[in-house]
Amino acid sequence: MGKEDNAILIEEVDSGAEKEYQEMVDAIHEHTQIKDLGKIREAFEFARSAHGEQRRKDGSLYITHPLAAAVIVAEMGLDEDSIISAILHDCIEDTEVSYDDIAKRFGASVADIVEGVTKLTRVVYTSKEEEQMENLRKMLLAMARDIRVILIKMADRLHNMRTMAYQAEKKQREKALETMEIYAPIAHRLGMQKIKWELEDLSLLYLDPVGYEEISRGLEEKEKEDAGFMERTEAAIKKRVQEAGIDGTVQSRTKHIYSIYRKMYGQNKEFSEVMDLYAFRVIVNDIADCYNVLGCIHELYHPVPGRFKDYIGTPKANMYQSLHTTVIGSEGIPFEVQIRTWDMHRTAEYGIAAHWKYKEGISGKSDEEKFAWIRNLLEAQQESDAQDFFSNLKVDMFSDEVFVFTPQGDVKSLPAGATPIDFAYSIHSAVGNRMTCAKVNGRIVPFSHVLQNGDVVEVITSNTSKGPSRDWLGMVKSSEARNKIRQWFKKERREENIVNGKASFEAEMRRLGVPLSALDDERVLQVILKRFSANTLDDLYASIGYGGLSAQKTVNRINDELRTIERAAREKGERPIWSHPTSQAKAVHGIVVEGVDNCLVKFSHCCMPVPGDEIVGFITRGYGVSIHRTDCKNYVNAVSKDKDKERWINVYWADDLSEKYETGLAITASDRNGLVMDIATVLNSLKVKVNALTARDIGGVASVFITIEVKDRNELGSAIARLLSVQGVKEVKRQGA
Ligand code: MN
């Protein structure tokens with residue numbers, strides 16, 4: 001390039017963009033409160049020299065693009081930093097300028113925004129199934145930690161779509177598809193209707209030029225056919241509103257092309273069948289006037305039943321507020337009227353941007369506070385708008401999820417804090433199980449590395465890998481990865497799992513005092529195995545060992561099962577072979593009454609139970625609970641006759657018993673001299689206290705009845721054994737048996 005050419009170029013750089021700069025300044029004056037343009041001018045000159053002689057496809061200087069984006073940002077009413085960032089938005093990506101250069105000249109806040117926009121620009125898009133689209137939309141939102149990043153990206157995209165005519169056809173279609181699938185839905189999501197409509201119409205122009213042409217021609221013809229209709233109607237409404245003494249502005253428009261397109265293809269209609277192509281808008285100063293205007297409209301025209309919607313009383317999920325009504329005009333043409341205040345209007349057009357501006361006015365708010373309401377907004381939408389694309393997905397714009405790329409460019413959504421292990425298992429369990437190494441953005445990272453939005457993650461596998469390590473369970477965030485790792489241990493380490501599982505199972509049984517012997521009963525064992533869908537006890541231990549079941553939960557469930565079995569057995573008059581532990585309830589005389597604390601307890605005289613006996617309680621009328629042995633004749637009798645069924649309740653011996661219990665023994669012996677003395681001597685040697693002793697002689701057979709105090713069934717057992725060893729004693733029976 002010759003010296004002269006260069007001079008011409010520089011002259012053009014200097015003069016060429018001044019016109020565009022001035023247009024931007026006008027927009028700033030019209031839509032924002034910014035007075036001092038010093039820094040904005042500086043940013044313009046900085047970007048202009050950075051982009052230098054770069055040109056756009058239409059031949060204009062590159063700097064005209066960021067200036068046009070800044071105009072859109074100004075129209076949104078955003079702050080000075082946003083406008084400066086818009087002017088600089090392509091500097092990092094397309095010029096030699098670095099983050100630090102921008103930070104030094106314009107501050108870290110601007111540099112952060114520009115860097116954020118650059119990152120979004122670098123996200124590679126290829127059309128995928130809807131789920132992938134959804135992930136990509138969320139990723140973009142999540143990457144834009146500062147909402148201004150996404151707003152500037154919107155402005156950038158909008159201007160690129162406006163000037164798409166100069167691009168090659170392939171690029172036009174690619175960008176149009178991306179805009180339709182990603183950016184227009186985000187604009188909708190953020191309540192930015194004005195931008196959403198324009199993005200949709202511009203996309204449609206490239207995606208279905210024939211359909212676009214058909215509708216725009218149809219609209220033109222319709223307007224010709226209805227010549228003057230819009231002007232007449234607008235004037236009529238204006239007049240009526242003025243007569244009512246209301247200060248209102250009336251606007252008219254045809255519906256945007258894509259909304260008609262969607263109606264035609266979504267509801268399979270011809271263009272001529274699409275109703276209300278025209279829309280009118282009345283903007284007033286306060287809410288009361290909105291309803292007054294509605295009254296005027298309904299006086300003036302015939303409302304279509306069922307078409308009135310009050311989005312003032314019930315705002316839409318994206319904050320949209322207005323009254324909507326569809327009426328039939330005097331010429332038989334249906335049209336929609338939207339009525340709203342100026343505040344509502346700004347929100348409807350610019351959505352989140354309008355609110356950003358409000359928040360800017362309130363100084364001293366932290367970023368966290370500024371973003372809190374956005375988060376609330378996004379969350380509220382998930383609950384209320386079922387059709388909305390974000391609806392079923394719990395997403396927190398900033399914290400719940402992280403979005404990363406596979407090397408092939410697919411987006412994976414993982415829980416925030418996820419590591420390469422989560423990523424590997426999200427692809428396939430075999431990938432996770434054989435992972436030997438992970439790379440993030442081309443660099444090797446430890447498995448505990450926390451993934452960031454937009455990271456490209458690559459997993460290196462080997463067939464000789466020894467499989468996952470137990471440590472991984474502590475590094476993963478997704479239940480999917482956790483389950484798959486456990487699955488591996490379940491299969492690959494069965495023996496080890498059985499040993500570990502058995503140990504923690506038995507420890508837990510002991511801790512809760514559940515008798516291990518209960519599992520010796522085959523019937524009980526079958527019930528419990530069935531409950532856990534296990535074939536053998538080893539299966540159950542293995543499940544506990546690999547972490548599929550927790551020992552604590554398992555034992556708790558077994559405890560419940562045992563109680564049920566125990567109750568059922570008692571009702572049938574059988575006795576389970578294990579002795580059930582006491583619950584935590586307070587014991588009275590060493591007895592815990594299931595479900596009752598500190599109730600009056602007495603031991604029945606018919607069977608005189610001692611600790612170790614299987615017992616059951618009977619709710620007496622007015623004397624508390626009387627305790628019977630489960631082999632007591634009275635109990636067996638009552639149960640067999642189904643008598644007073646609901647008054648028999650579960651009772652247990654307490655763990656720590658200190659009392660002695662009175663019980664009775666009936667001894668049958670051949671009558672001889674010294675028998676009673678021998679019996680007394682035996683009991684004395686056992687240190688058993690005798691409370692009563694009666695002896696009778698019935699035809700040469702001695703019947704001795706004693707009442708003694710023992711600690712428990714064991715002590716009673718040895719007393720009985722010793723008594724049986726007394727000369728002449730034939731039988732020793734417990735009272736009541
Ligand atoms: Mn750009």
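All values below come from the heavy atoms of this structure, side chains included, with hydrogens, waters and symmetry mates left out. In listed order, ligands and their atoms are each counted from 1.
Around the NZ atom of K269, the shell of radius 6.0 Å holds more than 12 heavy atoms that belong to other residues, nucleotides or ligands. Other residues, nucleotides and ligands contribute only 12 or fewer heavy atoms inside 6.0 Å of the CG atom of N268.
With the Mn ion (ligand 1) as the vertex, NE2 of H65 and OD1 of D156 span 80° to the nearest 10°.
Distance check for H159 against the Mn ion (ligand 1): none of its N/O/S atoms falls below 2.8 Å. Inclusion of D90 in the first shell of the Mn ion (ligand 1) is supported: an N, O or S atom falls under 2.8 Å.
For the pair R253 and F280, the cation-pi test (distance below 6.0 Å, angle within 45°) is failed.
Counting all heavy atoms, side chain and backbone alike, I102 lies closest to A111 at CG2-CA, 3.7 Å.
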